[in-house]
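Structure record follows, encoded as structure tokens.
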Amino acid sequence: MPFIEHLSDQDLERLALDRVVPALLSQGFYHLDGLLGELAGGAVRDQVEELHRAGALQDGRLASTAPGIHRSSIRGDKITWVSGSERGCEAVSFLLGLLDRLISVCAGRLAGKIRERSKAMVACYPGNGAGYVKHVDNPNGDGRCITCIYYLNKNWNHTHGGVLRIFPEGKSYVVDVQPLFDRLLLFWSDRRNPHEVQPSYSTRYAITVWYFNCEERAEAKRRFRKQTGEQ
Ligand SMILES: O=C(O)CCC(=O)Nc1cc2ccccc2cn1
Ligand SMILES: [Mn+2]
């Protein structure tokens, strides 16, 4: 089913240059509503729900868990990684294509070469009060430059919790973002944007991709090869 092109190339360019880039440069984060529209946004949500129903979402891994600390007290999401080429992920692929177009226009105005990204991480907080403790996505220069999160939750309100709270570095205020349907949030992945997911009391779906700064990514790979003794 061909999706209605909700955003033309010109719309995307205007969005990138007039809103996303200025916000990233001045505040370090930006969110917008109505990215895909009801039809395509709904199709993405249906495909993510189907992944969940099919049991494709597993407990999010942790780098390390201190003995006696149960993982879900740190990170209660269930995730899977998709490239978008999988059967049943056509709408996710459409979203990723749109994000790639948006970021490539932004990249022309931002420092560093931003040309690659991660696969898409599809995440579900099951609504049992689990969240994700305050953390920085890229604290040590692993190459991740921009975090893009697309939210899928219809009829979400404050009683459901699940707010993404950003603690912008060096600022006295916090930024609360509700995980609303068809909402896109972008922020610098490094120490400028520690963030947490507050306890969620309803099923909370999101898709995250990380865009890489090529030089930082290449340097991180060199460091990794040196540490692991590979030539
Ligand atoms: O769903 C949201 O609003 C954001 C949740 C979130 O921060 N997820 C997340 C998930 C991660 C998975 C692997 C490595 C680093 C990660 C950092 N952050
Ligand atoms: Mn994060």
Side-chain angles (χ1 to χ4, degrees), residues 24 27-33 35 41 44-45 48-49 51-52 56-65 71-83 92 95-96 99 116-154 156-158 160-169 174-213 216-217 220-221 224:
L24 281 176
Q27 294 189 295
F29 55 86
Y30 180 72
H31 80 264
L32 67 100
D33 288 314
L35 180 74
V44 175
R45 164 149 181 134
V48 165
E49 261 191 354
L51 283 172
H52 190 197
L57 305 187
Q58 308 301 325
D59 280 355
R61 277 180 332 120
L62 281 175
S64 65
T65 329
R71 65 165 303 288
S72 64
S73 65
I74 297 172
R75 168 179 180 185
D77 57 342
K78 298 183 176 312
I79 66 165
T80 190
W81 294 87
V82 301
S83 66
V92 176
L95 166 70
L96 298 181
L99 294 180
E116 294 173 317
R117 64 163 162 81
S118 68
K119 290 171 80 171
M121 185 187 74
V122 176
C124 172
Y125 291 80
N128 56 0
Y132 197 138
V133 295
K134 186 175 173 182
H135 66 280
V136 169
D137 284 358
N138 174 14
N140 306 313
D142 67 19
R144 285 181 293 171
C145 175
I146 299 176
T147 301
C148 281
I149 310 176
Y150 180 71
Y151 295 110
L152 294 156
N153 307 293
K154 293 195 171 181
W156 193 272
N157 64 55
H158 285 277
H160 299 135
V163 162
L164 177 81
R165 173 163 287 181
I166 306 175
F167 304 79
E169 187 182 36
V174 295
V175 178
D176 284 354
V177 181
Q178 292 231 55
L180 303 185
F181 173 74
D182 202 19
R183 170 170 283 184
L184 177 67
L185 168 67
L186 308 98
F187 55 86
W188 299 122
S189 307
D190 62 18
R191 293 170 188 265
R192 285 171 282 184
N193 290 308
H195 54 282
E196 68 183 11
V197 176
Q198 296 183 341
S200 300
Y201 300 104
S202 183
T203 304
R204 180 190 186 278
Y205 291 115
I207 298 175
T208 302
V209 285
W210 283 275
Y211 285 87
F212 295 118
N213 169 304
E216 184 181 310
R217 181 81 176 146
K221 284 178 177 172
F224 180 77

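All residue numbers refer to positions in the sequence shown, counting from 1. Worth knowing before you read on, the calculation uses all heavy atoms, side chains too, and leaves out hydrogens, waters and symmetry mates. Both counts, for ligands and for their atoms, begin at 1 and track the order of listing.
The residue among Val177, Asp137, Val197, Asn138 with a heavy atom at the shortest distance from atom 17 (C) of ligand 1 is Asp137. Comparing Glu196, Gln178, Arg144, His135 by heavy-atom distance to atom 15 (C) of ligand 1, the nearest is Arg144.
Considering backbone and side-chain N/O atoms, Trp210 never comes within less than 3.5 Å of an N/O atom of ligand 1. Considering backbone and side-chain atoms alike, Trp81 places every N or O at 3.5 Å or more from each N or O of ligand 1.
Taking the six-membered ring where the residue is Trp, the centroids of His195 and Phe29 are separated by 6.0 Å or more.
Residues Asn153 and Arg45 form a side-chain contact, since some pair of their non-hydrogen atoms from C-beta on lies under 4.5 Å apart. Annotation: side chain of Thr203 is not in contact with side chain of His160 (no heavy-atom distance under 4.5 Å). Two residues are said to be in side-chain contact when any heavy atoms from C-beta on lie closer than 4.5 Å; Trp210 and Asn138 fail this criterion.
If you check the side chains of Tyr150 and Asp182, you find a donor sitting under 3.5 Å from an acceptor.
Remark: of the listed residues Thr147, Asp137, Asn213, Thr147 is the sole one forming a side chain to side chain donor-acceptor pair (under 3.5 Å) with Ser189.
Distances from the Mn ion (ligand 2) under 2.8 Å pick out these protein N/O/S atoms: His135 NE2, Asp137 OD1, His195 NE2.
Numbered from 1 in the order shown, with element, the atoms of ligand 1 that lie under 4.0 Å from a heavy atom of Met121 read 10 (C), 12 (C). Counting the atoms of ligand 1 from 1 in the order shown, those under 4.0 Å from a heavy atom of His195 are 7 (O). Close contacts of ligand 1 with Tyr125, meaning ligand atoms under 4.0 Å from a residue heavy atom, involve 5 (C).
Counting heavy atoms closer than 4.0 Å to ligand 1, residue Ile149 contributes side-chain atoms (C-beta onward) but none from N, CA, C or O.
Judged purely by atom type and a 3.5 angstrom limit, Arg192 has no side-chain atom pairing as donor or acceptor with the backbone of Glu169.
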